[in-house]
Asker: 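My structure is below; once you've seen it, I'll send some questions.
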Amino acid sequence: MSIAPYIKEIGRGKEGARSLDQAQSYDLMRQVLDGTASDLEIGAFAIAMRIKGESTAELAGFLAAVLERCMAMPVCTAPAVVLPSYNGARKLPNLTPLLAGLLAREGLAVLVHGPLREPGRVGSADIVDALGWPIARSSSDVAAAWAGGQPVFVGIETLCPPLARLLAVRRVIGLRNPGHTVAKLLDPTEGQQGLRVVNHTHPEYNAMLAAFLQHTHAHALLLRGTEGEPVADPRRLPRLDVFIHGRPRPDLSQPAQEGSLSQLPSLPRQIDAASTAHYIRTVLSGEQPPPAPLVQQVRCIVQAVQASQAPAAPI
């Protein structure tokens, strides 16, 4: 088998390329993940999709293939909140683990997934390790953390090794590929009536991701992340868009904070894992307050999770 016929469709340039349907996209990604496509084909796929951009149907097909190859998640009695963490910190402290800790205190089963190492950045795995929180190696590790009321981190290398290999292609060709978009949409607890937090870094992705969440009837919070992380900027609240059963919920969403800032939160001066972990401990222990935008994000997620537990209203 070969993905060459698919590359011929998507690789005709920005104006001439044609999108694949969901079944074709599933088959393409299946071959990429299972190693039946050659390295040359995978490189061509990555570059062609980088130029063309992903359609809703393509993302749905890609994600379906990835989900089939993920580690099974345990069933949890509490609603699950999934935080895909794939960028890490460069300028601001990475507060995704703080968001995870605040959500766990609300009685939610929090799953953070991302790379175990993020070269040149401070990834969530480094901070979770510095905090002494669990890094899961199996489904039973996830279950144990949730039973103890703790957030849990699982590396994409454990959660879905084939996707981890696709993400690593970026280190060779220097460009992101559809695997990165899929990773930020990945909810391995799918079906447990929880909520995923989806973030984008560029405004043009907002409409594409919103269309996908509606198409797949997702429970989700969509926001422009902080340096690509699924956490609100601690200095200023971004727009928070809630989707329940795929439907936009303006009543649960939050507008972006406008105007000048009256005060800045007290953040660690250094963004290394140890400094960030120390700051997170002081916030979770009550020694200092969490940044107001994170408090608002937590409240928004809790309300959205509560709404997600209700049956879908008829269209």
Side-chain angles (χ1 to χ4, degrees), residues 78 80-137 141-142 144-146 148-159 183-184 186-189 194-199 221 223 225-235 238 265-302:
V81 174
V82 178
L83 303 175
S85 177
Y86 285 83
N87 281 53
R90 290 181 295 175
K91 299 178 181 179
L92 291 172
N94 177 2
L95 298 185
T96 297
L98 174 57
L99 176 61
L102 294 171
L103 289 168
R105 289 203 312 196
E106 297 292 331
L108 299 169
V110 184
L111 176 72
V112 185
H113 63 80
L116 290 170
R117 293 289 175 267
E118 190 65 39
R121 303 187 184 191
V122 184
S124 290
D126 298 321
I127 300 166
V128 166
D129 186 53
L131 285 164
W133 292 358
I135 294 180
R137 304 294 179 183
D141 289 345
V142 175
W146 285 350
Q150 288 185 294
V152 61
F153 182 94
V154 59
I156 190 61
E157 300 86 349
T158 300
L159 179 63
K184 290 192 173 186
L186 181 59
D187 178 4
T189 72
L195 181 133
R196 77 188 84 171
V197 179
V198 179
N199 89 95
L221 173 69
L223 76 157
T226 303
E227 296 190 317
E229 286 292 313
V231 62
D233 189 317
R235 303 163 300 179
S266 176
L267 297 173
R269 294 184 179 181
Q270 304 297 323
I271 66 167
D272 61 279
S275 299
T276 304
H278 174 73
Y279 169 75
I280 290 172
R281 287 192 196 96
T282 65
V283 172
L284 293 178
S285 68
E287 294 176 49
Q288 60 177 310
L294 269 71
V295 173
Q296 292 173 278
Q297 185 180 10
V298 168
R299 185 183 304 120
C300 186
I301 290 172
V302 170

Asker: With respect to Phe153, which candidate in Asp129, Leu111, Leu116 satisfies the side-chain contact (heavy atoms from CB on, under 4.5 Å) definition?
Answerer: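 That would be Leu116.
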
Asker: Please examine the side chains of Gln297 and Leu223, heavy atoms only from C-beta on, and report whether any two atoms are closer than 4.5 Å.
Answerer: yes

Asker: Is there side-chain contact between Val152 and Trp146, with heavy atoms separated by less than 4.5 Å?
Answerer: yes

Asker: Do Asp141 and Pro134 come close enough that some side-chain heavy atom pair is under 4.5 Å?
Answerer: no

Asker: Do you see a donor-acceptor pair shorter than 3.5 Å between the side chains of Asn94 and Thr276?
Answerer: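 The answer is no; no qualifying pair exists.
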
Asker: Using atom types as modelled and distance alone, determine if a side-chain donor or acceptor of Glu227 lies under 3.5 Å from a backbone N or O of Lys91.
Answerer: yes

Asker: From Asn87 CG over to Glu229 CD, what is the distance, rounded to the nearest 0.5 angstrom?
Answerer: 6.0 Å

Asker: Can you measure from CG (Leu95) to CD1 (Ile127) and round to the nearest 0.5 angstrom?
Answerer: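 That separation rounds to 7.5 Å.
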
Asker: When rounded to the nearest 0.5 angstrom, what distance separates CG in Leu99 from OG in Ser85?
Answerer: 10.0 Å

Asker: Taking all non-hydrogen atoms of both residues, which atom of Ala273 and which atom of Ala130 are closest, and how far apart?
Answerer: O-CB, 4.0 Å

Asker: Between Leu195 and Ile301, is there a side-chain heavy-atom distance shorter than 4.5 Å?
Answerer: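 Yes - at least one pair of side-chain heavy atoms lies under 4.5 Å apart.
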
Asker: For residues Val198 and Pro230, determine if any side-chain heavy atom of one lies less than 4.5 Å from a side-chain heavy atom of the other.
Answerer: no

Asker: If you take all heavy atoms of Pro93 and Ile271, which pair is closest and at what distance?
Answerer: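 Scanning both residues completely, I find the closest heavy atoms to be N-CG2, 3.6 Å.
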
Asker: Taking Asp272's backbone N and O only, do any of them form a donor-acceptor pair with Ser275's side chain (distance below 3.5 Å, no angle check)?
Answerer: no

Asker: Quick check for you: to the nearest 0.5 Å, what is the distance between Thr226 atom OG1 and Asp233 atom CG?
Answerer: 4.5 Å

Asker: Do His278 and Pro268 touch side chain to side chain, with heavy atoms closer than 4.5 Å?
Answerer: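 No, every pair of side-chain atoms sits at 4.5 Å or beyond.
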
Asker: Checking side chain to side chain donor-acceptor pair (under 3.5 Å) between Tyr86 and each of Arg121, Glu118, His113, which is the one that passes?
Answerer: His113

Asker: Does atom CD (Gln270) have a neighbourhood of more than 12 heavy atoms from anything else shown, all under 6.0 Å?
Answerer: no

Asker: Answer yes or no: is there a side-chain heavy-atom contact under 4.5 Å between Leu98 and Pro291?
Answerer: yes

